[in-house]
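Worksheet: the structure to be examined is printed underneath.
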Amino acid sequence: MECPHLSSSVCVALDSSRFQSGSPSSWCCGVCRSNKSPWVCLTCLNVHCGRYVNGHAKKHFEDTQNSGCHQKKCEKQEKEKPQHSVCMDCSSYSTYCYRCDDFVVNDTKMGLVQKVREHLQSLENSALALDRHRKRKLLESSSNSSKLVKDSGVVTAHCATGLRNLGNTCFMNAILQSLSSLVEEFRKTLCSLWQGSQTAFSPDSLFYVVWKIMPNFRGYQQQDAHEFMRYLLDHLHLELQGNHSRVIMSTLSEGGLQSSPGDKCCINGTSTIVTSVFGGVLQNEVNCLICGTESKKFDPFLDLSLDIPSQFRNKRTKNMENGPICTLQDCLRSFTDLEELDDTELYMCHKCKKRQKSTKKFWIQKLPKVLCLHLKRFHWTAYLRNKVDTYVEFPLRGLDMKCYLLEPENMGPESCLYDLAAVVVHHGSGVGSGHYTAYASHEDRWFHFNDSTVTLADEDAVAKAKAYILFYVERQAPASADAKL
């Protein structure tokens, strides 16, 4: 947004002696000394932590505001004194105004915001160059050097790279850290995540491509990570088909997916790597309660959206004692259980020739290689969208999908087992606010991706997460003795 407060808030002189040493992305908060999510005030150059750490950047703004004076005197002083309301993210270089409560896209007449941004980028590049030089020297001097270099709990080398937040783009970062494969900009972004040449990569190019082809995601407001994932997969699928002219909105509004021979999950009748990796098939059975007529339909899917059963919706944490813990299996059973449709969903019975009460049941006819499970945490009420903050217990290994299959007897003992690969977590109370992070497994290690900050995580931390989206990978059956010969 165009911020009207820059002239009273951005009044800094670029004196390097006033900055902390080291890379700006790891500067420490002047209050709690945390080096996570540092923000620099563009009035006084003091550094404080962001709202998702301890919120000292916002508190700095609040503390500098006048309190307890008469209204007219306050108004006069407010016009004269610096406001301390505008700050810059030291990792993504995005600018935020606390008085507007939004990200800022404009600059002062003298271009002071851009000058600060360029100065921080220069300091960051210099610090990264020095860091790479030190690591190279360390590797040269040690024959048993570790593949992983850890500094204050933050992963800084060899495998895991963070994604800078470009302004409320954590919904995109969390999904990108969870997915793998596909098309040019996406491929380049994902390749950069595991090269180990930098601690944080800025996905500007992909973000602007997203703006170009997905108008719903333009701007810097918070978005729904699941909605972004579906748009992304559908667009990638269409691009891989070479069909650039089709508008994604028509694809989604029409259901997007169509069945085809061979039980392949396809859009417009053609399979791509997207559908071969994420594509499964549901069998939808509807029975008329008046005449008993049964209708069967096959519905391809790229992910399954699961309700959290209503009896568990007051249980916030794993350790609360008010009843049993909700499990992922409870959500899957709720999805596949026989359900009587209410009066707003009457089934058009072709035998009765009118809409009748009916029952519905889902079976999984074909499981995908990567099973994506979306827990429906956001529900519309009359005026707003509420979040279901229930903890849902999920297995890290050995999720058995056999009991949800249409023909389980045709499946081998290992072919229905899935192991967890990634988890997307939403922190906060609403879909239009809060923050997204992701846990992902790589080479038998778990990492926590919080935009540009990447830390090692243990399995307990992953298991305690309040999952929003879960990615499970099909377990490969061990090769038989005959196959090895």
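Numbering starts at 1 and runs along the sequence shown.
Taking the six-membered ring for Trp and the full ring otherwise, the centers of Tyr468 and His374 sit less than 6.0 Å from each other. When ring centroids are compared, His426 and Phe378 come within the 6.0 Å threshold. With ring centers used as reference points, Phe447 lies 6.0 Å or more from Tyr439. Residues His84 and Phe61 keep their aromatic ring centres 6.0 Å or farther apart.
Of the possible donor and acceptor atoms, one in the side chain of Asp107 sits under 3.5 Å from a partner among the backbone N and O of Gln114. Put simply, the side chain of Arg475 never gets that close to the backbone of Tyr418: no donor and acceptor are under 3.5 Å apart. Between the side chain of Asp458 and the backbone N or O of Ala461 there is at least one donor-acceptor pair closer than 3.5 Å. The closest donor-acceptor contact from the side chain of Lys59 to the backbone of His48 lies at 3.5 Å or more, if one exists at all. Under the 3.5 Å distance criterion, the side-chain polar atoms of Ser9 are left unmatched by any main-chain donor or acceptor of Leu6. Using a distance-only test at 3.5 Å, with no hydrogens or angles considered, no donor-acceptor pair links the side chain of Arg117 to the main chain of Met88.
Annotation: side chain of Val113 is not in contact with side chain of Asn106 (no heavy-atom distance under 4.5 Å). Taking the side chain as every heavy atom from C-beta outward, Trp39 and Cys90 never approach each other to under 4.5 Å. Between Val10 and Thr43 the shortest side-chain heavy-atom distance does not fall below 4.5 Å. Looking only at side-chain heavy atoms (C-beta outward), Leu42 and Thr95 come within less than 4.5 Å of each other. Side-chain contact between Arg355 and Cys349 is absent, with no heavy atoms from C-beta onward closer than 4.5 Å. Using a 4.5 Å heavy-atom cutoff, the side chains of Ile469 and Phe471 are in contact. Taking the side chain as every heavy atom from C-beta outward, Phe394 and Thr327 never approach each other to under 4.5 Å. In this structure, Leu302 and Arg230 have side chains that are in contact, with non-hydrogen atoms separated by less than 4.5 Å.
When all heavy atoms of Leu417 and Gly398 are compared, the pair lying nearest together is CD2-O, 4.1 Å. Closest heavy-atom contact between Ala467 and Leu375: O-CD1, 3.4 Å. Of all heavy-atom pairs between Tyr98 and Ala57, the closest is OH-CB, 3.5 Å. Of all non-hydrogen atoms in Cys416 and Leu367, the two that sit nearest each other are CA-CD1, 4.4 Å. Nearest heavy-atom pair, Val425 versus Ala465, reported as atom, atom and distance to 0.1 Å: CG2-CB, 3.8 Å. Heavy-atom minimum distance, Leu396 versus Ala463: CD1-CB, 3.9 Å.
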Checklist entry - Would Leu399 and Gln329 count as a side chain to side chain contact (heavy atoms under 4.5 Å, CB included) if you check the C-alpha gap in whole Å, the side-chain angles of each, and the deciding distance to 0.1 Å? => result CA-CA 9 Å; Leu399 173 64; Gln329 286 78 2; 3.8 Å; yes
Item to check | Candidate pair Phe335 and Leu304, rule side chain to side chain contact (heavy atoms under 4.5 Å, CB included), full reasoning | outcome: CA-CA 9 Å; Phe335 179 78; Leu304 297 178; 4.0 Å; yes
Checklist entry - Run the side chain to side chain contact (heavy atoms under 4.5 Å, CB included) check on Leu282 and Ile364 step by step: do they pass? => result CA-CA 5 Å; Leu282 288 172; Ile364 298 177; 3.7 Å; yes
Item to check | side chain to side chain contact (heavy atoms under 4.5 Å, CB included) assessment of Phe278 paired with Leu233 | outcome: CA-CA 9 Å; Phe278 294 95; Leu233 290 179; 4.0 Å; yes
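Counting heavy-atom neighbours within 6.0 Å of Lys361 NZ, excluding the residue itself, gives a total above 12. Applying the 6.0 Å contact sphere to CZ of Arg333 captures more than 12 heavy atoms from other residues, nucleotides or ligands.
The structure places SG of Cys326 at 5.0 Å from CZ of Phe312, a figure rounded to the nearest 0.5 Å. To the nearest 0.5 Å, atom CZ of residue Phe362 and atom CG of residue Leu332 are 13.0 Å apart. Interatomic distance, CG of Leu420 versus CG of Leu470, reported as 6.0 Å (0.5 Å rounding). To the nearest 0.5 angstrom, Cys49 atom SG is 4.5 Å from Asn54 atom CG. Note that the OG1 atom of Thr359 and the CD atom of Glu285 stand 9.0 Å from one another [nearest 0.5 Å]. Between atom NZ of residue Lys466 and atom NZ of residue Lys387 there is a gap of 7.0 Å, rounded to the nearest 0.5 Å.
Note on Arg397 versus Asp419: no salt bridge recorded, every NZ/NE/NH1/NH2 to OD/OE distance being 4.0 Å or above. The pair Lys402-Asp400 does not count as a salt bridge, with every side-chain nitrogen at least 4.0 angstrom from each carboxylate oxygen. Taking 4.0 Å as the cut-off between side-chain N and carboxylate O, Asp460 and Lys464 do not count as a salt-bridged pair.
No donor-acceptor contact under 3.5 angstrom links the side chains of His350 and Thr293, judged on distance only. A donor-acceptor pair shorter than 3.5 Å cannot be found between the side chains of Asp451 and Tyr436.
For the salt bridge (charged side-chain N to carboxylate O under 4.0 Å, His left out) condition, the pairs that include at least one residue of residues 335-348, sequence neighbours left out, are Asp343-Lys357.
Scored by the side-chain contact (heavy atoms from CB on, under 4.5 Å) test, Cys28 finds Gln20, Arg33, Asn35 as partners (sequence neighbours excluded).
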